[in-house]
Amino acid sequence: MITGTGAGPVEGYGARRTWQSRLGGLRRLDWPLFLAVLALSVVGALLVRSATFHLLTEQGEDPESLLKRHILNLIIGFLLGGVVTVLDYRLLRAYVPILYGVACVGLLAVLTPLGSTINGSHSWIVLGGGFQVQPSEFAKVGLVVLLAMILGEPRDGEIGPGRRDVLLALVLAGVPGLLIMLQPDLGTTLVFIAVVLGMLAISGAQKRWLFGLVGGGVTAAAAVWFFGLLKDYQIDRFTAFLNPEADPRGAGYNAQQARIAVGSGGAFGKGLFQGEQTGGHFVPEQQTDFIFTVAGEELGFVGAAIIIALLGVVLWRGLRIATQAADLFGTLVATGVVCWLGFQTFENVGMTLGIMPITGLPLPFISYGGSATFANMIAFGLLQAVHVRRRAFD
C-alpha cells in the first residue's frame with residue numbers, strides 16, 4: 001500500500017522531468033541557424049521545381065517528380081540532422097575509425113565496376129530506381145570528425161598538435177583525398193584542402209605547416225598542369241573560366257549562359273517560375289550545380305542577395321558555435337563544417353558569376369541531390385550538437 005501510494009507521485013515527477021529536459025533541449029537549439037537552414041531548404045525546393053518543371057513536361061514525365069524526390073530528400077535529411085543533434089558529439093571519438101573506414105570503402109567502391117560516370121566524373125554508385133549515391137559527399141563528414149579527433153587532443157605538455165599529430169592527420173586525410181582525385185572530382189578535392197587548412201589553423205598547429213601546405217599545393221598544381229595530368233574537360237573548364245568568349249558554343253557555353261541568366265533578372269527578377277532562360281533550359285544542370293542562375297533570373301539581385309545572406313547566417317552561427325564550444329574537439333568540428341560549407345558556397349556562386357572555375361559543387365541546402373542534401377544536414381546536425389552541449393557538463 002505504502003509503496004504503491006508513493007510510486008504515483010515519483011513516476012509523475014519523473015515524467016515531468018523528462019518532458020522538461022526535452023523542452024530544455026529544444027530551447028538550447030541554435031534557432032537562427034535552424035530557421036536559416038529551413039528557409040534555404042524551402043527556397044531551394046521552389047527553385048528546383050522551377051528548374052525542372054518545363055523540361056520534365058517536354059519529356060512527357062511527371063513535372064513534379066524531381067520536386068517530390070527533393071522534398072523526400074529534405075525530410076530524410078532533417079531527420080538525419082535531428083539524430084546527430086540528439087547524439088553527444090563528444091562520443092563520436094569512439095566511432096571515428098568506423099566512419100573513416102566506411103568513407104574510404106565507399107570511395108574505393110566508386111573506382112570498381114560498381115561506380116558510374118556522370119557529367120565526366122566517376123563519382124557515383126547507381127542503386128536503381130533513379131537513386132544514386134555519391135560517397136565523396138559523406139567523406140566530407142568523415143574528414144571533419146577525423147581531423148577534429150586527431151588535432152583536438154594535444155599531447156601532454158603541448159599547446160597545439162605536435163608534428164606527429166599533424167603528419168598523421170595529413171596522411172589519413174590524403175587517403176580519401178587521393179581516391180577522390182582519381183575519380184576525378186576536382187571540386188570535392190578543393191573542399192578537402194579548405195577543410196584541412198582551416199582546421200589546422202584553428203587547432204594551433206605551427207604556421208610553418210600552413211605555409212608548407214600552401215606552397216606544396218601551388219607546386220603540385222603547377223606540376224599537374226605542366227605534365228598534362230588533367231582531363232580534357234577539366235582543362236576546358238579552366239580555359240572557359242579565363243576567357244568564356246573564346247569558345248561560346250563549347251567549353252565556355254555553361255559560363256556564358258549562366259551570366260546571361262543571372263544578368264537578365266535585373267534587380268527584382270522576372271518572377272518565380274517565369275524565367276525564360278530557365279524555362280528554355282539554356283543552362284545545363286540547372287537544378288544542381290547552376291541552381292543559383294534560377295535565383296538570379298527569377299528572383300533578381302534582391303532575391304539572390306537574400307539567399308547569400310541566409311547562407312551567411314549559417315556560416316556566422318557556425319563560427320559563433322565554434323567559439324563557444326565546450327572543448328577543442330567541438331571547436332574543430334564546427335570549424336571544419338564552416339570551412340566546408342563556406343568554400344562550397346563561394347565556389348558555387350563564384351562559378352555562376354564567372355569569378356571561379358566551373359566545378360561540380362552544389363549550393364548547400366539549395367541544390368537538388370540526395371547525397372549532398374544528406375551530408376549537408378548531417379553537418380547542420382553537428383553544429384547543433386556542439387551548440388546544445390556548449391557547457392562542459394550538459
Side-chain angles (χ1 to χ4, degrees), residues 69-70 72-74 76-81 83-84 87 89 91-150 168-196 199 231 234 288-289 333 336-337 339-341 343-344 347 359-362 364-365 367-382:
R69 190 175 299 172
H70 184 62
L72 176 61
N73 290 336
L74 287 174
I76 297 174
F78 271 108
L79 290 175
L80 289 173
V83 170
V84 174
L87 297 176
Y89 75 92
L91 300 179
L92 280 177
R93 294 181 179 90
Y95 300 98
V96 166
I98 298 176
L99 296 174
Y100 177 78
V102 170
C104 290
V105 169
L107 293 173
L108 281 171
V110 168
L111 300 177
T112 69
L114 293 175
S116 299
T117 301
I118 299 177
N119 297 328
S121 182
H122 198 78
S123 306
W124 304 83
I125 297 176
V126 178
L127 302 178
F131 292 95
Q132 305 157 346
V133 175
Q134 189 176 9
S136 60
E137 289 292 339
F138 301 102
K140 299 171 186 176
V141 179
L143 175 70
V144 168
V145 294
L146 171 75
L147 294 181
M149 182 191 73
I150 297 174
L168 178 62
L170 293 178
V171 170
L172 292 180
V175 173
L178 178 61
L179 294 175
I180 291 172
M181 289 179 64
L182 293 176
Q183 294 179 2
D185 185 350
L186 179 61
T188 303
T189 302
L190 294 176
V191 172
F192 266 50
I193 294 174
V195 169
V196 170
M199 295 183 70
K231 299 291 184 180
Q234 292 175 321
T288 53
D289 300 346
V333 167
V337 170
C339 292
W340 158 14
L341 298 179
F343 178 83
Q344 196 157 315
E347 166 60 28
T359 61
L361 289 176
F365 308 111
S367 294
Y368 172 84
S371 297
T373 298
F374 300 157
N376 292 336
M377 290 302 182
I378 290 173
F380 159 69
L382 285 173

First locate atom [atom1] of [X], then atom [atom2] of [Y], and finally report the distance between them rounded to the nearest 0.5 Å.
X: Leu361; Y: Leu190; atom1: CG; atom2: CG; value: 7.5 Å
X: Leu168; Y: Leu147; atom1: CG; atom2: CG; value: 9.5 Å
X: Phe374; Y: Leu79; atom1: CZ; atom2: CG; value: 10.0 Å
X: Leu146; Y: Leu92; atom1: CG; atom2: CG; value: 12.0 Å
X: Phe192; Y: Leu178; atom1: CZ; atom2: CG; value: 11.0 Å
X: Ser123; Y: Asp185; atom1: OG; atom2: CG; value: 4.5 Å

Minimal non-hydrogen separation, Pro362 against Ala372, with atom names
CG-CB, 3.9 Å
Over all heavy atoms of both residues, which pair between Leu107 and Pro176 is shortest? Give the atoms and the distance, please.
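Smallest interatomic distance, heavy atoms only, reads CD1-CB, 3.6 Å.
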Using side-chain heavy atoms (C-beta onward) and a distance below 4.5 Å, is [X] in contact with [Y]?
X: Val145; Y: Tyr95; answer: no
X: Tyr100; Y: Cys104; answer: yes
X: Pro364; Y: Trp340; answer: no
X: Leu172; Y: Ile150; answer: yes
X: Val133; Y: Phe138; answer: yes
X: Gln183; Y: Thr188; answer: no

Do the side chain of [X] and the main chain of [Y] share a donor and acceptor less than 3.5 angstrom apart?
X: Ser371; Y: Gln134; result: yes
X: Thr359; Y: Gly187; result: no
X: Thr112; Y: Ala109; result: yes

Whether Tyr368 and His70 hold their rings parallel, tilted or perpendicular, with breakpoints at 30° and 60°:
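The arrangement is tilted - the two ring planes meet at 30° to 60°.
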With side-chain hydrogen bond (donor to acceptor under 3.5 Å, both in side chains) as the rule and sequence neighbours excluded, what pairs involving residues 137-150 come up?
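Only Glu137-Lys140, Lys140-Gln344 qualify under side-chain hydrogen bond (donor to acceptor under 3.5 Å, both in side chains).
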What verdict does the side-chain contact (heavy atoms from CB on, under 4.5 Å) test give for Ile125 and Val110, after you've listed the backbone C-alpha separation in whole Å, the side-chain angles of each residue and the deciding distance to 0.1 Å?
CA-CA 6 Å; Ile125 297 176; Val110 168; 4.0 Å; yes
Option from Val83, Ile76, Val84 for which side-chain contact (heavy atoms from CB on, under 4.5 Å) with Leu80 holds:
Ile76
